[in-house]
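Report on the structure given below.
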Amino acid sequence: AMLRLRLLTWDVKDTLLRLRQPVGQSYAAEARAQGLQVQPEALGRSFREVYGAQSRRFPNYGRGQGLSSRQWWLDVVKQSFRLSGVQDEAALTKLAEKLYRDYCSSHNWEVLPGAAETLSRCRQLGFRMGVVSNFDSRLEVILLQCELRHHFEFVLTSEAAGFAKPDGRIFEQALRLGGVRPEQAAHIGDDYSRDYRAARAAGMHSFLLRAAGQGEGPEVPSEHVLPTLSHLLARIEK
């Protein structure tokens with residue numbers, strides 16, 4: 001069956017880019033640079049706990065509750081260090097500001113294998129391209145720094161959209177930006193419910209990036225599964 005696709009939308013984290021090292025490690029390294037000894041494992045645990053609580057209390061970076069995403073993140077970083085035993089408020093502020101900036105850069109992000117080549121090929125084949133990501137406003141800069149921004153006509157973050165995946169309204173905004181009907185678009189991502197199922201619920205096609213040996217997730221037709229990004233081309237070649 002020929003998919004008459006005109007637009008491809010892409011998730012970013014763990015689809016196109018990944019963190020170079022676990023959060024606990026980069027937070028601990030920054031603390032060390034400021035003369036503080038904090039265990040990476042403890043920081044990692046603290047971060048996961050704080051990030052989860054903050055996401056439940058202020059979903060989508062506090063977008064609907066008058067918070068800026070910058071403030072949202074500064075609070076997460078400070079609270080993660082507090083939970084790990086750092087009490088000095090001046091040090092906390094300095095750490096938070098520095099880490100907020102650091103996560104803007106290719107210093108902390110790397111492009112996944114095959115991503116740049118696949119994006120280039122999709123553009124050569126004439127597909128329109130956009131990003132749909134549960135991310136804050138730093139994403140534009142991160143994509144620029146990682147030399148991927150030029151592949152996309154638009155970058156739609158959940159912060160800018162006001163809705164986070166799996167909310168169908170973020171996909172509706174992407175379809176409007178791309179100027180296509182849902183059946184002319186496909187979304188590519190690594191999360192079953194936020195990417196694969198949510199895009200299909202919005203009437204789009206979608207493909208799930210699921211590396212071999214990633215454990216058993218929900219059943220997905222094999223022609224919708226991408227063991228690597230390079231497998232996409234065979235599925236969509238015009």
Side-chain angles (χ1 to χ4, degrees), residues 11-113 115 131 133-149 155 157-160 164-165 189-191 193-195 209 211 213-215:
D11 171 55
V12 174
K13 188 174 184 288
D14 298 326
T15 299
L16 298 174
L17 297 178
R18 65 183 169 206
L19 289 173
R20 290 184 185 272
Q21 55 179 6
V23 170
Q25 281 181 27
S26 42
Y27 279 28
E30 191 47 55
R32 266 199 312 280
Q34 297 197 26
L36 297 165
Q37 291 302 318
V38 193
Q39 286 309 111
E41 294 72 26
L43 259 176
R45 281 194 302 275
S46 297
F47 171 79
R48 285 189 293 278
E49 188 180 320
V50 169
Y51 179 88
Q54 184 87 328
S55 300
R56 287 187 295 276
R57 189 170 167 214
F58 299 108
N60 196 17
Y61 311 106
R63 168 75 157 63
Q65 292 144 294
L67 231 64
S68 69
S69 57
R70 183 172 177 278
Q71 193 53 57
W72 192 95
W73 274 114
L74 294 178
D75 291 346
V76 166
V77 177
K78 287 181 191 173
Q79 195 53 28
S80 300
F81 277 102
R82 280 191 200 108
L83 258 190
S84 306
V86 178
Q87 299 304 331
D88 176 347
E89 283 300 316
L92 288 170
T93 299
K94 203 171 153 195
L95 281 167
E97 303 269 357
K98 178 78 165 62
L99 283 161
Y100 180 79
R101 283 197 308 276
D102 277 357
Y103 276 88
C104 258
S105 73
S106 52
H107 175 69
N108 274 318
W109 297 96
E110 64 188 358
V111 180
L112 267 97
V131 160
S133 171
N134 288 357
F135 218 102
D136 63 79
S137 55
R138 289 175 294 179
L139 188 56
E140 286 271 1
V141 175
I142 292 167
L143 289 168
L144 268 170
Q145 291 247 343
C146 295
E147 295 178 13
L148 295 181
R149 177 62 185 90
V155 172
T157 63
S158 57
E159 182 179 10
K165 301 179 297 187
D190 70 306
D191 187 281
S193 60
R194 286 193 292 265
D195 292 311
L209 181 63
Q214 241 187 3

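Please read these numbers as outputs of a predicted model, since none were measured by experiment. Nothing fancy with the numbering, it's 1 onward along the sequence.
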Just by modelled atom types, is the [Y] backbone N or O under 3.5 Å from a matching donor or acceptor in the [X] side chain?
| X | Y | answer |
| --- | --- | --- |
| Q65 | R57 | yes |
| R138 | R70 | no |
| E30 | L95 | no |

Between [X] and [Y], what is the shortest heavy-atom contact and its length?
| X | Y | value |
| --- | --- | --- |
| E97 | L74 | N-CD2, 3.8 Å |
| Q34 | A91 | OE1-O, 4.2 Å |
| K165 | S133 | NZ-CA, 4.0 Å |
| T157 | D136 | CG2-O, 3.6 Å |
| G189 | T15 | CA-OG1, 3.5 Å |
| K13 | D190 | O-OD1, 3.4 Å |

Say you draw a straight line from [atom1] of [X] to [atom2] of [Y]; how long is it, rounded to the nearest 0.5 Å?
| X | Y | atom1 | atom2 | result |
| --- | --- | --- | --- | --- |
| Q145 | L17 | CD | CG | 11.5 Å |
| L139 | C104 | CG | SG | 10.0 Å |
| L143 | L16 | CG | CG | 7.5 Å |

(request) Go through the steps for Y27 and L99 under the test side chain to side chain contact (heavy atoms under 4.5 Å, CB included), then give the verdict. (result) CA-CA 7 Å; Y27 279 28; L99 283 161; 3.8 Å; yes
Residue pair [X] / [Y], side-chain heavy-atom distance below 4.5 Å:
| X | Y | result |
| --- | --- | --- |
| Y61 | S158 | yes |
| V76 | F58 | no |
| D191 | D11 | no |
| L19 | Y103 | yes |
| D102 | S26 | no |
| I142 | L148 | no |

(request) Could you tell me whether E159 and R63 make a salt bridge, using a distance below 4.0 angstrom between a side-chain N and a carboxylate O? (result) no
(request) Please list, chain by chain and in numerical order, all residues satisfying side chain to side chain contact (heavy atoms under 4.5 Å, CB included) with K78, sequence neighbours excluded. (result) R82, L92, T93, A96
Compile the donor-acceptor pairs under 3.5 Å between side chains in residues 39-51 and protein atoms, sequence neighbours left out, one pair per line.
{"from": "S46", "atom 1": "OG", "to": "A42", "atom 2": "O", "distance (Å)": "3.0"}
{"from": "S46", "atom 1": "OG", "to": "S84", "atom 2": "OG", "distance (Å)": "2.9"}
{"from": "R48", "atom 1": "NH1", "to": "G44", "atom 2": "O", "distance (Å)": "3.4"}

(message) For Y100 and W73: C-alpha separation, side-chain torsions, deciding distance, then whether ring-ring contact (aromatic ring centres under 6.0 Å, His included) applies.
(response) CA-CA 7 Å; Y100 180 79; W73 274 114; 7.8 Å; no
(request) Using the six-membered ring wherever Trp is involved, compare the ring planes of W109 and F135 and label them parallel, tilted or perpendicular (cut-offs 30° and 60°). (result) tilted
